[in-house]
There are 2 protein chains.
Amino acid sequence: MVQALLNHVNRFVSLNTDEQHLLLDHLSVRHVNKKEHILVAGAICTANYFVLNGCFRMYFIKESGQEQIVQFGLNNWWISDLTSLESGKPSGFYIQAIEDANVAVLTKQNQELLFSSMPKAERYFRLVMQKAYAASLMRLQYLFDLSAEERYHHFNTAYPEFVQRVPQYMLASYLGFTPEVLSKIRAKK
Amino acid sequence: MVQALLNHVNRFVSLNTDEQHLLLDHLSVRHVNKKEHILVAGAICTANYFVLNGCFRMYFIKESGQEQIVQFGLNNWWISDLTSLESGKPSGFYIQAIEDANVAVLTKQNQELLFSSMPKAERYFRLVMQKAYAASLMRLQYLFDLSAEERYHHFNTAYPEFVQRVPQYMLASYLGFTPEVLSKIRAKK
DNA sequence: GAAAAAACTTAATCAAGATCAAGAAAAATA
DNA sequence: TATTTTTCTTGATCTTGATTAAGTTTTTTC
């Protein structure tokens, strides 16, 4: 199962067998049930999670009391509250499995150990962070430039299989509008 | 002038004198006049820029033809289109000096050289990317949770000196609304 | 397979913020 | 200093998407 992670790492840096074992020694695999949280607001985030399979959502509770999804965690994505992880302060986010899932868990401590014994790991995470940052800016760009309907169509075209997998109200939240709006958009066609 | 950069690096990793020199050997300092662009849409981004002093804005042109600011580049921030830099493909962004400015220029090539001769540099950038990513998620959070007026007040409280430095219409763009709205918000008090 | 819970739809009303247009003020430049 | 350019303001109108509320469909659970 962790092969998915090794494949991912190898897309950024190349590891020999020893290095692969060293990496695996620093992580554990954990099963997460549908609806189970691996992080809740108020708790301190202690690890970085790599999604081996299944699907997660990361959200916060708005002033209005509504849940706002800030990102989805799919296969081959790292998910965590980096602010809480880095600072050791309580998180404002929830991370919850949308489907039964398996994650590779890399605790903060093990991550540091790994970095000091294998600089390549640091390079890998530098590239992962850079990609995540760029993706976040792209997301901002869509929010600023496209209407609700355009955002939906764009997302639907880019990730058709994913749209089938999650409840519509979650997709609406992620895209920045209400379930009612999504329902009307879909009714148009 | 590059002392600002050394100080910044030293906040994340500690460098001895030799390492400091090695770092400086990989970069050059460039003066940028007010209104001058260091990146325009359609061009390939070739470097990562560290703002020594002055101020930049990074923006794109919306479907509607309006400029949309995605971020400001202030003292001690790295600014670049990482997507273009990494892929070698044309950028969709503009980066322009709002005031006369000085930047430390780290080309893609030099960055790679630096990383291979000094793993600490990779660590520094891993941390910088991680922080930038976290900041971007925080920005999304404010956009989703706060009204135009709340976003303005929040920003104004957090960065009062900066608000004085940039034209209001740029601030409005960054915060995701029109100059007219900002004008009306200000008229209230 | 019945009951309960979760997710989706539809329609009416409302509000935040966009757009348009014109003029005023401030800043840059000759 | 005069003048051109840039930035800011104000008010009228319009639009997108939010809210509310009730009913329907689908999925889960017992």
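So you know, we letter chains A, B, ... as the sequences are listed, proteins then strands, and number each from 1. Keep in mind that the numbers below use all heavy atoms, side chains included, and drop hydrogens, waters and symmetry copies. Fair warning: this is a prediction, and the values are worked out from it, not measured in the lab.
Straight-line distance from the CD1 atom of A/Ile185 to the C1' atom of C/dT10: 15 Å, rounded to whole Å. If you measure from atom CD of A/Gln66 to atom P of C/dA7, you get 16 Å, rounded to the nearest angstrom. Here C/dA7 presents its P atom at 11 Å from CD1 of A/Ile98, a figure rounded to the nearest Å.
Listed by residue number, the members of residues 161-182 of chain A with any heavy atom below 4.0 angstrom from DNA chain C are A/Pro167, A/Gln168, A/Tyr169, A/Glu180. Within residues 137-153 of chain B, the residues having any heavy atom under 4.0 Å from DNA chain C are, by residue number, B/Ser147, B/Ala148.
Within the helix from C/dG1-D/dC30 to C/dA30-D/dT1, the inter-axis angle between the opening and closing five-pair segments is 60°, rounded to 10°.
Side-chain contact annotation: B/Gln3 with B/Asn7, donor-acceptor N/O pair under 3.5 Å present.
First and last contacts of DNA chain D with chain B, using any nucleotide atom under 4.0 Å from a protein heavy atom and ordered 5' to 3', fall at D/dT7 to D/dA12.
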Sub-3.5 Å pairs of nitrogen or oxygen atoms, protein against nucleotides 23-30 of chain C:
none

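A search for side-chain contact (heavy atoms from CB on, under 4.5 Å) contacts involving A/Ala97 returns A/Val32, A/Phe56, not counting sequence neighbours. With sequence neighbours left out, B/Arg30 forms a salt bridge (Lys or Arg N to Asp or Glu O under 4.0 Å) with B/Glu36. Applying the side chain to side chain donor-acceptor pair (under 3.5 Å) test to A/Lys35 and every residue at least two apart in sequence or in another chain returns nothing. In terms of the side-chain contact (heavy atoms from CB on, under 4.5 Å) criterion, residue partners of A/Leu127 (sequence neighbours excluded) are, by chain and number, A/Phe12, A/Arg123, B/Glu86. Taking A/Glu67 as the reference, A/Arg57 meet the salt bridge (Lys or Arg N to Asp or Glu O under 4.0 Å) condition, with sequence neighbours excluded.
For the pair A/Glu99 and A/Lys34, the salt-bridge criterion is not met [side-chain N within less than 4.0 Å of a carboxylate O].
When ring centroids are compared, B/Phe155 and B/Tyr142 stay outside the 6.0 Å threshold.
For A/Ser14 (side chain) and A/Asn10 (main-chain N/O), no donor-acceptor pair under 3.5 Å exists by modelled atom type. A donor-acceptor pair under 3.5 Å links the side-chain atoms of A/Ser87 to the main chain of A/Thr83, judged by distance alone.
Applying the salt bridge (Lys or Arg N to Asp or Glu O under 4.0 Å) test to every pair with at least one member in residues 2-27 of chain B, sequence neighbours left out, gives these pairs: B/Glu19-B/Lys120.
Side-chain heavy atoms closer than 4.5 Å link hydrophobic residues (I, L, V, M, F, W, Y) into clusters, and following such links, even through other members, never connects B/Leu5 to B/Trp77.
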Check: residues 168-175 of chain B side-chain donor-acceptor pairs under 3.5 Å, at least two apart:
{"residue": "B/Gln168", "atom": "OE1", "partner": "B/Arg186", "partner atom": "NE", "Å": "3.3"}
{"residue": "B/Ser173", "atom": "OG", "partner": "B/Ile69", "partner atom": "N", "Å": "2.9"}

